[in-house]
Protein chains: 2
Amino acid sequence: MLTLNLDFRSDVPLTNQIVAQIQRQLASGVLKPGDQLPTVRALATTLRVNFNTVARAYRILDEAGIISTQQGRGTFILEQPPPETSTQLRREALNALARRYLEEAHRLGFSKQEALQAIAQRNETATEGHT
Amino acid sequence: MLTLNLDFRSDVPLTNQIVAQIQRQLASGVLKPGDQLPTVRALATTLRVNFNTVARAYRILDEAGIISTQQGRGTFILEQPPPETSTQLRREALNALARRYLEEAHRLGFSKQEALQAIAQRNETATEGHT
DNA sequence: TATACAATGATACAAAGATACAATTATACA
DNA sequence: TGTATAATTGTATCTTTGTATCATTGTATA
């Protein structure tokens with residue numbers, strides 16, 4: 001069971017304390033990829049904190065690519081610690097994605113131009129906060 | 001056998017992912033009118049999802065007139081996917097693909113522009129997989 | 001003091017899961 | 001063949017879990 005220790009008198013915001021301590025437990029091996037973290041409400045209760053505070057900490061870790069929070073399911077440590085992959089690898093990964101996308105679009109009977117437009121028409125912020 | 005691919009990290013709800021992918025397989029001909037879909041429990045097991053999530057997806061498709069779910073019998077692709085909605089389905093399927101592609105590219109740290117270019121640079125002839 | 005801002009809390013909501021139920025089909029057996 | 005019973009399949013409803021939005025609190029600073 002995840003045991004954190006908050007210092008309510010510290011100047012460090014509770015949210016940040018939660019983030020830092022989870023990161024530390026991950027680095028020290030107490031938490032491992034695939035592990036499920038306590039629910040925001042459960043952890044909030046043990047920490048005697050509002051569950052939104054835990055939720056905020058979880059979101060920060062989520063946006064950092066460290067955990068995955070899934071509404072209705074729970075939050076989990078991701079398999080891959082933040083990938084500092086080379087630009088080369090990232091490029092290859094993107095190309096693989098692009099190839100698959102085009103193939104599927106073609107199977108649906110769309111041309112490359114139509115496939116391009118389908119993407120161009122999407123607003124950029126649609127990928128915000130992926131969990 | 002119907003094979004879907006869920007992304008638990010996406011901010012697209014699992015239910016919507018299931019709906020979109022079934023529409024896609026229908027539009028691409030993998031699924032044909034009269035075909036029986038897996039039972040809600042069977043599909044849920046393979047997708048590692050609660051069967052209510054599949055049931056919700058089936059209901060959406062049912063209400064859209066695409067499939068017919070029958071308690072105690074199963075769910076089937078309707079004989080008559082309203083012909084004019086065919087292009088509509090293809091369109092929605094493409095949009096779902098585009099959204100997913102952008103999300104994954106974004107996760108790799110690429111902008112929408114870079115994602116677009118990655119496709120634009122590919123040659124058109126990647127259309128294997130027709131029928 | 002007053003105002004602005006950041007951190008936290010409160011409340012309502014949405015997505016997914018758990019459980020019990022109803023309709024249909026399959027099976028056993030007289 | 002007919003009927004009872006079990007198994008299968010979708011449905012209804014409530015619970016669990018994270019999200020969004022606004023209110024409150026404390027603190028810095030003009």
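Below, chain A is the first sequence line, B the second, and so on; all start at residue 1.
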Using whole Å, report how far [atom1] of [X] lies from [atom2] of [N].
X     : N      : atom1 : atom2 : value
A:Q36 : D:dT17 : CD    : C1'   : 10 Å
B:L47 : C:dG17 : CG    : P     : 10 Å
A:D62 : D:dT19 : CG    : P     : 7 Å
A:F76 : D:dT16 : CZ    : P     : 17 Å
B:I60 : D:dG10 : CD1   : P     : 16 Å
B:Y58 : D:dA12 : OH    : P     : 17 Å
A:Q17 : C:dA6  : CD    : P     : 19 Å
A:R9  : D:dG26 : CZ    : C1'   : 17 Å

Check whether any side-chain nitrogen or oxygen of [X] sits under 4.0 Å from OP1 or OP2 of [N], and answer yes or no.
X     : N      : result
B:T69 : D:dT9  : no
B:N50 : C:dA18 : yes
B:T53 : C:dA15 : no

Counting neighbours of [atom1] on [X] that are heavy atoms of other residues, nucleotides or ligands and sit closer than 6.0 Å, is the number greater than 12?
X     : atom1 : result
A:R73 : CZ    : yes
B:R59 : CZ    : no
A:D7  : CG    : yes

Report which part of the nucleic acid B:R59 touches: base, sugar-phosphate, or nothing (heavy-atom distance under 4.0 Å, all strands).
->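 The residue B:R59 makes sugar-phosphate contact but no base contact.
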
Can you identify which nucleotide, out of [options], has its nearest atom closest to the [X] side chain?
X     : options                : answer
B:R41 : D:dG10, C:dG17, D:dG18 : D:dG10
A:T15 : D:dT13, C:dT8, C:dG9   : C:dT8
B:N52 : D:dG10, D:dT13, C:dA10 : D:dT13
B:A55 : D:dT11, C:dT8, C:dT24  : D:dT11
A:T39 : D:dG18, C:dT8, D:dT11  : D:dG18
B:F51 : C:dG9, C:dA16, C:dA20  : C:dA20
A:Q71 : D:dG10, C:dG17, D:dT17 : D:dT17

Identify, between B:L14 and A:R48, the residue whose nearest nucleotide on DNA chain C lies closer to the 5' end.
-> A:R48

Any salt bridge between B:R99 and B:D11, counting N to O under 4.0 Å?
-> yes

Is A:F76 reachable from A:L26 through a run of I, L, V, M, F, W or Y residues, each pair having side-chain heavy atoms under 4.5 Å apart?
->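 Each belongs to a different hydrophobic cluster.
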
May I ask you to verify whether the side chain of A:R56 and the base of C:dG9 hold a donor-acceptor pair under 3.5 Å?
->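 Side chain to base: pair found, below 3.5 Å.
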
For A:Q121 and A:A118, indicate whether the former's side chain and the latter's backbone hold a donor-acceptor pair under 3.5 Å.
-> no

